[in-house]
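In what follows, a structure is listed as structure tokens, so that the remarks can point back to it.
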Amino acid sequence: EVQLQASGGGLVQAGGSLRLSCAVSGFSLGDYAIGWFRQAPGKEREGVSHIRGGDGATYYADSVRDRFTISSDYAKNTVYLQMNSVKPEDTAVYYCASIRGSPYLPMIYWDGMDYWGKGTQVTVSS
């Protein structure tokens, strides 16, 4: 059974760091792309960062580029989102989701994903 579990959220001060984890099961990371999405209160869910398992290609939204880093640990079947220099604007529920194959990462969107899990809350205080 395919499952994704996001974890690692919490309360962090602006400028601090946090690492989110997306533990996946039921498929090989190499056959899927994993996307991190977030939804802030009153806003639509947006793509944050994605990684393609087959070749390791990555994508970052302009708002997080150079601050966040996405990576995959194939041995642990886990995708990480390292969040550095966080801002209050990063406050949101963060979700991870998967899509099979080798998609064009900038075109990934939530409703197009194959599987998804519960989100984890990230709150950045000022």
Side-chain angles (χ1 to χ4, degrees):
E1 180 180 348
V2 174
Q3 293 186 353
L4 298 91
Q5 182 175 347
S7 63
L11 177 64
V12 61
Q13 291 189 159
S17 298
L18 201 65
R19 189 176 76 163
L20 306 184
S21 299
C22 177
V24 305
S25 62
F27 63 90
S28 172
L29 285 178
D31 297 328
Y32 285 79
I34 301 295
W36 282 101
F37 299 80
R38 67 185 181 187
Q39 187 167 30
K43 299 183 66 177
E44 295 293 320
R45 188 175 285 120
E46 63 177 348
V48 177
S49 183
H50 316 313
I51 188 166
R52 204 156 60 202
D55 60 4
T58 59
Y59 161 85
Y60 298 95
D62 290 342
S63 60
V64 307
R65 186 172 292 110
D66 299 324
R67 298 190 298 119
F68 293 5
T69 303
I70 190 169
S71 62
S72 298
D73 186 331
Y74 294 96
K76 295 183 177 180
N77 272 10
T78 300
V79 174
Y80 301 99
L81 184 67
Q82 179 66 45
M83 306 168 60
N84 295 331
S85 302
V86 296
K87 305 175 180 179
E89 293 76 26
D90 296 321
T91 295
V93 178
Y94 284 71
Y95 304 84
C96 61
S98 65
I99 181 169
R100 184 176 178 84
S102 185
Y104 181 57
L105 296 179
M107 296 297 294
I108 286 179
Y109 64 104
W110 178 258
D111 287 342
M113 307 304 283
D114 295 330
Y115 302 100
W116 53 88
K118 295 289 186 179
T120 185
Q121 176 72 50
V122 172
T123 302
V124 181
S125 63
S126 57

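Here the structure is a predicted model, which means the values were calculated and not measured.
Among residues two or more places apart in sequence or in another chain, the side-chain contact (heavy atoms from CB on, under 4.5 Å) test is passed with Tyr109 by Asp111.
In this structure, the side chains of Met83 and Tyr94 come closer than 4.5 Å at one or more pairs of heavy atoms. By the 4.5 Å heavy-atom criterion applied to side chains, Glu1 and Ser25 are not counted as neighbours. Using a 4.5 Å heavy-atom threshold, the side chains of Tyr60 and Thr69 count as touching. Side-chain contact between Leu81 and Ser49 is present, with heavy atoms from C-beta onward closer than 4.5 Å. Residues Ser98 and Leu4 are in side-chain contact: their nearest non-hydrogen atoms beyond the backbone lie under 4.5 Å apart. Inter-residue side-chain proximity for Val24 and Leu29 is flagged as met; some heavy-atom pair is nearer than 4.5 Å.
Pairing each heavy atom of Ile99 with each of Gly112, the nearest pair is CD1-O, 3.5 Å. Nearest heavy-atom pair, Ala14 versus Ser126, reported as atom, atom and distance to 0.1 Å: CB-CA, 4.4 Å. What you find for Ala33 and Leu105 is that their closest heavy atoms are CB-CD2, 4.2 Å.
Here Leu20 contributes atom CG and Thr78 contributes atom OG1; the two are 12.5 Å apart, rounded to the nearest 0.5 Å. Atoms CZ and CG, on Arg100 and Asp114 in that order, are 9.0 Å from each other to the nearest 0.5 Å. Between the CZ atom in Phe37 and the CE atom in Met113 there is a gap of 4.5 Å [rounded to 0.5 Å]. From Thr120, atom OG1 reaches atom CH2 of Trp36 across 7.5 Å, with rounding to the nearest 0.5 Å. In this structure, the separation between CZ on Phe68 and OG1 on Thr58 is 14.5 Å, given to the nearest 0.5 Å. The distance from atom SG of Cys96 to atom NZ of Lys118, rounded to the nearest 0.5 Å, is 13.0 Å.
Between Trp116 and Trp110, the ring-plane angle classifies as tilted under the 30° and 60° cut-offs. Aromatic ring orientation, Tyr32 versus Tyr115: tilted (interplanar angle from 30° to 60°).
In Asp55, the CG atom is crowded: over 12 heavy atoms of neighbouring residues, nucleotides or ligands sit closer than 6.0 Å. Counting non-hydrogen atoms of other residues, nucleotides and ligands closer than 6.0 Å to CD of Gln121 gives a total above 12. Atom CD of Glu46 has more than 12 heavy atoms from other residues, nucleotides or ligands within 6.0 Å.
Grouping the Ile, Leu, Val, Met, Phe, Trp and Tyr side chains by contacts below 4.5 angstrom, directly or via other members, places Val79 apart from Ile108. A continuous path of ILVMFWY side-chain contacts below 4.5 Å connects Val2 to Tyr74, so both sit in one hydrophobic cluster. Residues Ile34 and Val93 do not share a hydrophobic cluster, clusters being chains of Ile/Leu/Val/Met/Phe/Trp/Tyr side chains in contact below 4.5 Å. Hydrophobic clustering, with ILVMFWY side chains joined whenever heavy atoms are under 4.5 angstrom apart, keeps Tyr80 apart from Val122.
Tyr59 places no side-chain N or O within donor-acceptor distance of the main-chain N or O of Arg52, the cut-off being under 3.5 Å.
Residue pairs meeting the side-chain hydrogen bond (donor to acceptor under 3.5 Å, both in side chains) criterion with at least one member in residues 82-91, sequence neighbours excluded: Ser17-Asn84, Arg38-Asp90, Arg67-Asp90, Gln82-Asn84.
Arg45 forms a cation-pi arrangement with Tyr95, by the criterion of a distance under 6.0 Å to the ring centre and an angle within 45° of the ring axis.
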